[in-house]
> 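What follows is a single structure, and I will ask about it in a moment.
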There are 2 protein chains.
Amino acid sequence: MTDRTENDGLGRRSGVALWRQIADRIRQDLAIWSAQDDARLPPETDLAARFDVNRHTVRAALAALAQEGLVRSERGKGTFVVRRPRIAYPIGRRTRFSTALEAQNSSGRILLLRQARVQADAVIAGALDLPVGSEVLMLDTRGLAGDTPITFATHWLDAARFADLPEHLARTGSITAALAACGVPDYERRSTVLEARRATAQEAAELDIGDGGLLMVARSLNVDMAGQPVQFSETRFAAERVEITIDPA
Amino acid sequence: MTDRTENDGLGRRSGVALWRQIADRIRQDLAIWSAQDDARLPPETDLAARFDVNRHTVRAALAALAQEGLVRSERGKGTFVVRRPRIAYPIGRRTRFSTALEAQNSSGRILLLRQARVQADAVIAGALDLPVGSEVLMLDTRGLAGDTPITFATHWLDAARFADLPEHLARTGSITAALAACGVPDYERRSTVLEARRATAQEAAELDIGDGGLLMVARSLNVDMAGQPVQFSETRFAAERVEITIDPA
DNA sequence: ACCAGTTATCTATACAAATAGACAACTATG
DNA sequence: CATAGTTGTCTATTTGTATAGATAACTGGT
């Protein structure tokens, strides 16, 4: 898009440190610089001038990005992009995690972190079309692209119908396969609601992003081919690593 | 009093001030408290204990929310929600701003803020299927629900084909109507890409959110019924005021 | 009238963030 | 080799953030 480089654009008494705002902005632009032959960022002095801050502030931002493994600085030479950040994640009627990533040469898998049996509150029960207080399975999972965490999700399913799902999920690393093993050969997405917010410390830790990193949160309901609700999920995407595309189909 | 190991999900050296993190978390929970009879928040001392911070830090967070007009504190009585729930914003093949809001009793309109003629860079030209360097119309708009800014968007259109669009848009307050007046009776959305990031100072000002507020950013392409690209847009949603729903259709 | 609960305001201290300037260490190039 | 350009490190100062404690002002109920 057109480069309307308002050299400022930073909030000064916003409760968000300048170095973090600058790190976020630079992260946005990594794709541009990584397209250069040498994947080199502008010198610290140039960046300081562009954002109208002290060079030390830029250095704090670059240090944060280096900590995330996105850039690497070399004395005397410059600072270079080492990893392009965002992965495209399509959401549509037939969204599946693994196929979403295979389209970009990333192998996707799901790690089962925790499981518990809880009583459905009004929201969960309503989504799954069960009586309030029904026993439901609550699963925490981490979605990986290669070795990079992409999603941290909590899923709720009818405990009676899907008692065996956790072991299948742990074995196969795929929700689609685990559901198939529980008698749901196919499913589709009925609804998705998206919002953006900051990560809590736990979410930041699970996703291996900096504290205060941004999330996109999707609450979605999958139904089987009979239209029966199967799985209600809250999926937290590390916003710095993903962009979500809406499938036209 | 401070056992800093368990602090309810707050990051301490994250470059995001605690008061801002707490303000964000409280903002998330306003819907819960606004559902109470008196729409009253817990006392400052309770909130301080819950987040494991000093009461003054909670006060800084509440002051920020009061500045946004979300809560009001009354000496001796407490702090109260002035209700402002999130607006659901559906995105799908036939997304239109006004119809999106009419479904929830809000009247939507578009305000034309600025217009300019610029040369298309590679991204814009590619999206609109024009030669690089073609003259394109660049429009900044604000989308309102009632009097509340919901979106701040930049649109690009072929300057040759849509020279008259700005005046129609300014007059009607509707992109659909303005396009119709320019010979595009109907259109549909070909692609949408979503990401989340922090607002720049300008974006925060246009959307009347606090500096450092969160955005959801949608880049979308609308095509006419012949499949010809008509309008490429970057729409910035105030994350605190909207949730985006993906249309199943 | 009194009291318990709540928000408002004040002082003080400690640490983080941002600024400023200077210089060292290293790289590439002529 | 000499020099320009770049990142790394150091000192110092100012402003923002967070903690701590004390006290005042106000509300609602007993």
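The chains referred to below are lettered A, B, ... by the order of the sequence lines, with proteins before strands, and numbering in each begins at 1. All values derive from a computational prediction rather than experimental measurement.
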> Whole Å only: how far is the CG atom of B:Leu62 from the C1' atom of C:dT7?
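Nearest whole value for this atom pair: 10 Å.
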> Let me know the distance between CD of B:Glu44 and P of D:dT23, rounded to the nearest Å.
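Distance check: B:Glu44 CD to D:dT23 P gives 19 Å.
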> Would you classify A:Thr45 as touching base, sugar-phosphate or nothing, given that sugar-phosphate means primed atoms plus P, OP1 and OP2, and contacts are heavy atoms under 4.0 Å?
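Nothing: the residue A:Thr45, judged by heavy atoms under 4.0 Å, touches no strand.
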> Let me spell it out: for each of A:Ser14 and A:Arg40, pick the nucleotide of DNA chain D with the closest heavy atom. Which residue's pick is nearer the 5' end?
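Result: A:Arg40.
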> Of the options C:dT19, C:dT7, D:dT6, whose atoms approach the side-chain atoms of A:Asn54 most closely?
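It is C:dT19.
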> Looking at A:Glu206 and A:Arg114, does any basic side-chain N land under 4.0 Å from a carboxylate oxygen?
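A salt bridge links A:Glu206 with A:Arg114.
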> CG of B:Leu18 versus C1' of D:dA20: gap in Å, rounded?
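One finds 16 Å between C1' of D:dA20 and CG of B:Leu18, rounded.
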> Can you see whether B:Arg236 engages B:Thr154 through a side-chain donor-acceptor pair at a distance of less than 3.5 angstrom?
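Judged by distance alone, the side chains do pair up.
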> Separation of A:Phe51 atom CZ from C:dT19 atom C1', in whole Å?
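In whole Å, C:dT19 C1' lies 18 Å from A:Phe51 CZ.
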> Answer yes or no: is there an ion pair linking B:Arg142 with B:Asp208, defined by an N-O contact shorter than 4.0 Å?
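Not counted as a salt bridge, because no side-chain N and carboxylate O are separated by less than 4.0 Å.
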> How is B:Arg72 classified with respect to the nucleic acid when contacts are heavy atoms under 4.0 Å: base, sugar-phosphate, or nothing?
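The residue B:Arg72 makes no contact with any strand.
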> With a cut-off of less than 4.0 Å, is there a side-chain N or O of A:Lys77 near OP1 or OP2 of C:dC26?
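Looking at the OP1 and OP2 atoms of C:dC26, neither is under 4.0 Å from any side-chain N or O of A:Lys77.
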> Separation of A:Gln21 atom CD from C:dA17 atom P, in whole Å?
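In whole Å, C:dA17 P and A:Gln21 CD are 13 Å from each other.
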> Could you work out which one of C:dT7, D:dT19, D:dA18 sits closest to the side chain of B:Thr79?
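Between C:dT7, D:dT19, D:dA18, the one nearest the side chain of B:Thr79 would be C:dT7.
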> Kindly say whether, by distance alone, the side chain of A:His56 makes a donor-acceptor pair under 3.5 Å with the base of C:dA20?
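Checked by distance alone, the answer is yes.
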> With a 4.0 Å cut-off on N to O distance, would you call A:Arg197 and B:Glu240 a salt bridge?
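No salt bridge links A:Arg197 with B:Glu240.
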> Which whole-number value in Å describes the distance from B:Asp46 CG to C:dG5 P?
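Result: 11 Å.
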> Would one find a side-chain N or O of A:Ser73 under 4.0 angstrom from OP1 or OP2 of D:dT6?
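No, because none of the side-chain N or O atoms of A:Ser73 sits under 4.0 Å from OP1 or OP2 of D:dT6.
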> Nearest whole angstrom, please: distance from the P of D:dG16 to the CH2 of B:Trp19.
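Between P of D:dG16 and CH2 of B:Trp19: 12 Å.
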> Quick check for you: among C:dT6, D:dT19, D:dG8, whose closest atom lies nearest to any side-chain atom of A:Arg75?
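So the side chain of A:Arg75 is nearest to D:dG8.
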> B:Arg59 CZ to D:dA25 P: how many Å, rounded?
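In whole Å, D:dA25 P lies 15 Å from B:Arg59 CZ.
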> What I want to check is whether an N or O donor and acceptor connect the side chain of A:Arg55 with the base of D:dG8 at under 3.5 Å.
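Looking at the base of D:dG8, it does pair with a donor or acceptor on the side chain of A:Arg55 (distance under 3.5 Å).
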> Counting N and O atoms only, with roles assigned by atom type, does the side chain of B:Arg241 sit under 3.5 Å from a partner on the main chain of B:Pro149, one being a donor and the other an acceptor?
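Between the backbone of B:Pro149 and the side chain of B:Arg241 there is a qualifying donor-acceptor contact (under 3.5 Å).
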